[in-house]
Amino acid sequence: MFKSIMEWVDARLPVSDLIKSQATEYPTPKNLNYWWNFGSLALFVLIVMLATGLFLAMHYKPDANLAFDSVEHIMRDVNFGWLLRYLHANGATFFFVCVYIHILRGMYYGSHRSPREILWWFGVIIFFALMGTAFMGYVLPWGQMSYWGAAVITNLVSAIPVVGEELVVWILGGFSVGDPTLNRFFVLHFLFPFVVFGLVILHMWALHAVHSNNPDGIDVHEGKDTLPFHPYYTIKDLYGVGVFLMVYLAFVFFAPNFFLEPDNYIPADPMKTPAHIVPEWYFLPFYAILRSIDFLGSFSKLAGVVAMGGAIAILFILPWLDRSPVRSFRYRPLSRQLFWVFVLDCFVLGWVGYNPADATLFDGALPLIVIGRTATAVYFSYFVGLWLVTVLKIEKPKPLPKSI
Amino acid sequence: MDLMKGTIKVAALLVLLLPQWGQASGGAALPVQEWGFKGIFGKFDEAALKRGAKVAVGVCMNCHSLKYIKFDQMRAFGLPEAEIEAMAKDSGRSRKDRMLSVMDAVSAKETYGIEPPDLSLMTKARKGYEDYAYGILTGYLTDQESADIKKAMEDGKLSETERMEVAHVLHMDPRHEDKLKEAITKLEGGGNFNKYFPGHFLAMPQPMQDGAVEYGDGTKASLEQLSRDVVTFLAWAAEPTAEQRKGMGIGVMIYLLVFTAMLYAVKRRIWAKVH
Ligand code: HEM
């Protein structure tokens with residue numbers, strides 16, 4: 001019965017062929033390690049976000065007077081509303097955990113290098129879209145951090161020369177963050193994840209055109225070095241989902257507010273600025289870069305915005321900055337060291353971003369801004385350093401294996 | 001697994017550095033309490049909740065609201081209907097109503113210069129959570145402490161030892177003499193000093209003393225006991241579904257543990273042919 005239906009469909013639309021060539025029998029390098037799980041995990045979280053978000057949207061009210069109460073209504077009165085909201089709020093956190101690991105994995109094993117540049121670009125675009133989505137989502141509960149975070153970030157647009165001021169008003173739908181802002185952010189927050197989903201399809205298309213990289217970073221021979229995706233990687237990815245769920249759900253059920261600021265349980269109050277406005281943890285390193293440019297007088301703000309955007313946009317050209325004949329850092333000792341300095345530096349930036357801009361260390365002897373500027377310099381130096389080390393052939397790669 | 005090795009090293013380094021991660025806060029260190037309802041297996045003590053409800057309705061609701069809770073919801077921890085009825089009546093409401101303050105917002109603002117914040121989310125809405133609320137309730141100066149400060153200021157000057165002493169009582173930094181003096185002036189002007197409120201002066205006068213509420217179950221109503229009980233009640237009010245959440249979580253985690261172990265076994269089996 002099923003077989004004959006499939007035959008009928010396949011004669012008109014080759015569904016079975018697609019599944020076979022792109023999923024079940026899709027050739028995958030046999031030596032992928034667990035760092036390769038984070039792509040499928042990110043897709044899994046995206047689906048969780050779409051599902052929980054859809055049901056949240058059925059009870060949420062995008063109105064400045066009702067939004068905060070409607071989230072509490074979801075938490076208290078809607079059946080398993082607390083579960084929906086905590087899954088969604090913590091889902092954003094774990095989305096970024098997956099995406100950050102996924103990106104760093106690519107940087108380490110050279111997955112962005114030729115011929116995977118377009119695949120990499122789609123990834124960076126997804127990352128941008130994700131940040132926009134999360135930023136607007138955080139505004140929706142309309143707590144103090146929602147409101148003031150939105151105020152601080154939208155204000156950055158005013159740094160754009162000539163049109164900046166008017167652009168902010170256009171974006172906000174008024175002269176300050178308010179009801180029109182909330183309403184449009186809700187609409188865009190609803191829309192963006194579906195755009196992300198579309199981008200993910202393009203990302204997958206590009207992947208399947210050039211196939212996966214692998215920890216050795218060398219080209220593989222189909223057949224000898226590859227395994228059919230199913231059952232090898234379906235089961236490995238599923239196992240990954242199991243482990244991932246244990247971590248994610250431990251937060252959802254036992255520490256659901258760990259990543260949320262207490263201030264966001266205070267309803268938004270345009271008359272009362274919180275003592276210390278902090279963005280969500282996943283924005284902290286970029287927030288630190290933004291604030292570290294404070295020495296250019298009236299240009300500081302614009303320069304800060306450019307640096308912040310550039311910190312991510314520089315990933316677009318990473319495939320051309322790295323000139324080494326070898327992709328994987330497994331065989332590149334110097335690049336590997338640079339990489340770890342870069343990773344640590346991101347944590348330092350995050351810590352700087354978490355603290356108030358005027359904080360100091362050692363009783364005022366060391367202003368945090370100095371650390372912030374240094375860490376920003378180190379962040380960008382990674383990319384320059386990688387280029388120099390490879391273009392000047394300072395690094396001597398270790399010999400590559402013949403096959404994986 | 002080179003990337004793994006590096007990750008472990010970086011993680012170890014971060015674990016060492018993380019305790020230093022926190023930001024320097026202005027206020028005094030909070031009086032950290034053991035809360036039986038916290039933690040994965042924590043459960044609310046129903047007797048404490050009942051006592052706490054009595055304090056909340058009898059004391060706090062003279063000024064504050066608990067707008068996300070209806071009187072009737074307190075049946076969840078076994079408060080008898082008759083008692084709920086009586087509590088609601090005392091506040092001039094019925095048991096189906098939300099727990100709103102007896103004082104309206106306008107007159108509250110006239111009296112205190114600020115609308116007392118709604119308490120239904122209070123234990124989630126401040127750094128320090130339950131400990132902070134407990135700190136606020138117990139952080140006013142005792143009569144003894146007030147007297148000590150008065151004595152230190154008798155001659156209008158602060159000697160070195162007096163400065164240290166006053167700073168200790170007020171939980172402030174002894175090095176900032178001007179700040180100390182400012183605080184003392186405000187205190188003498190009748191300001192409400194609190195050890196744990198950021199900035200130390202708040203609009204709420206000390207809401208209760210020993211014996212503010214008469215407990216029906218024979219528990220001694222010391223300020224500490226009253227505070228513990230009402231904070232327990234506020235923690236319940238902040239998330240009445242918390243116990244359901246944790247209970248469900250335990251089941252889910254056990255299920256996931258077994259399920260993931262099975263997936264791992266299947267994965268090993270399938271990959272055995274490759275390795
Ligand atoms: C890329 C995927 C998504 C991300 C990263 C994301 C992120 C977020 C974040 C950070 C919040 C604030 C959570 C809080 O503190 O309460 C939020 C709230 C919300 N999101 Fe999403 N979201 C995504 C997808 C969606 C989708 C697809 C929908 C609707 C179809 C949706 C609907 C909502 C609603 C209604 C809220 C407000 C309720 C609440 O604050 O809990 N989200 N989102």
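Chain letters run A, B, ... following the sequence lines, proteins first and then strands; every chain starts at 1. Atoms considered below: every heavy atom in the structure, side chains included; atoms not considered: hydrogens, waters and symmetry mates.
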Original post:
Roughly how far apart are A:F253 CZ and B:I250 CD1, rounded to 0.5 Å?
Top reply: 10.5 Å
Subject >> Residue selection (most heavy-atom pairs with chain B, distance under 4.5 Å) from A:A275, A:P256, A:P267 >> reply: A:P256
Original post:
More than 12 heavy atoms of other residues, nucleotides or ligands under 6.0 Å from NZ of B:K38: is that the case?
Top reply: yes
Subject >> Beyond-backbone contact of B:R126 with A:I266, side-chain heavy atoms, under 4.5 angstrom >> reply: yes
Original post:
Counting heavy atoms not belonging to A:H221, are there more than 12 under 6.0 Å from its NE2?
Top reply: yes
Original post:
Heavy-atom distance under 4.5 Å to chain A: side chain of B:Y264, backbone, both or neither?
Top reply: both
**OP:** Below 4.5 Å from any heavy atom of chain B, which atoms of A:A250 appear? Answer side chain, backbone, both or neither.
**Re:** both
Subject >> Contacts with chain A made by residues 251-258 of chain B (heavy-atom distance under 4.5 Å), listed by residue number >> reply: B:V252, B:M253, B:L256, B:L257
**OP:** With a 4.5 angstrom heavy-atom cut-off, could you sort out which part of B:R175 is near chain A: side chain, backbone, both or neither?
**Re:** side chain
Subject >> Gap between atom CZ of A:F68 and atom CG of B:L121 - 0.5 Å precision >> reply: 5.0 Å
Original post:
Can you check whether B:T7 reaches A:Y108 side chain to side chain, under 4.5 Å on heavy atoms?
Top reply: no
Original post:
What part of B:A237 lies closer than 4.5 angstrom to a heavy atom of chain A: side chain, backbone, both or neither?
Top reply: backbone
Original post:
To the nearest 0.5 Å, what is the distance between CG (A:L238) and NZ (B:K267)?
Top reply: 12.5 Å
Subject >> Main-chain N/O of B:A238 paired to A:R76 side chain as donor or acceptor, under 3.5 Å >> reply: yes
**OP:** Any chance you could measure A:W340, atom CH2, to B:L3, atom CG, to the nearest 0.5 Å?
**Re:** 5.0 Å
**OP:** Report the distance from atom OG1 of B:T123 to atom OH of A:Y265, rounding to the nearest 0.5 Å.
**Re:** 10.0 Å
Subject >> Any side-chain heavy-atom pair of B:M248 and A:L83 under 4.5 Å >> reply: yes
Original post:
Hey, are the side chains of B:L14 and A:W351 touching, using non-hydrogen atoms and a 4.5 Å cut-off?
Top reply: no
Original post:
Considering residues, nucleotides and ligands other than B:K124, do more than 12 of their heavy atoms fall under 6.0 Å from its NZ?
Top reply: yes
Original post:
Considering only heavy atoms from C-beta outward, does the side chain of B:Q244 approach that of A:F80 to under 4.5 Å?
Top reply: yes
**OP:** Mind checking salt bridge (charged side-chain N to carboxylate O under 4.0 Å, His left out) for A:D216 and listing every partner two or more places apart, or none if nothing turns up?
**Re:** A:R330
Subject >> CZ/A:F254: more than 12 non-hydrogen atoms of other groups inside 6.0 Å >> reply: yes
Original post:
So what's closer than 4.5 Å to chain A heavy atoms on B:K9: side chain, backbone, both or neither?
Top reply: neither
Subject >> Option passing side chain to side chain contact (heavy atoms under 4.5 Å, CB included) with B:T260 (candidates A:V241, A:L245, A:V243) >> reply: A:V243
Original post:
More than 12 heavy atoms of other residues, nucleotides or ligands under 6.0 Å from NZ of B:K70: is that the case?
Top reply: no
Original post:
A:D77 versus chain B, heavy atoms under 4.5 Å apart: side chain, backbone, both or neither?
Top reply: neither
Subject >> Residues, nucleotides or ligands: over 12 heavy atoms within 6.0 Å of A:K272 NZ >> reply: no
Subject >> Heavy-atom contact with chain B under 4.5 Å, split by part of A:E261 >> reply: side chain
Original post:
Centre of B:W271's six-membered ring, under 6.0 Å away, within 45 degrees of the axis: is that where NZ or CZ of A:K236 sits?
Top reply: yes
**OP:** Against chain B, work out which of A:A359, A:G143, A:P262, A:A255 has the most heavy-atom pairs shorter than 4.5 Å and name it.
**Re:** A:P262
**OP:** Show your reasoning for whether side-chain contact (heavy atoms from CB on, under 4.5 Å) applies to B:Y68 and A:M75.
**Re:** CA-CA 10 Å; B:Y68 294 123; A:M75 291 293 291; over 6 Å; no
**OP:** Look up atom CG in B:L263 and atom CG in A:D237, then write down how far apart they are to the nearest 0.5 Å.
**Re:** 11.5 Å
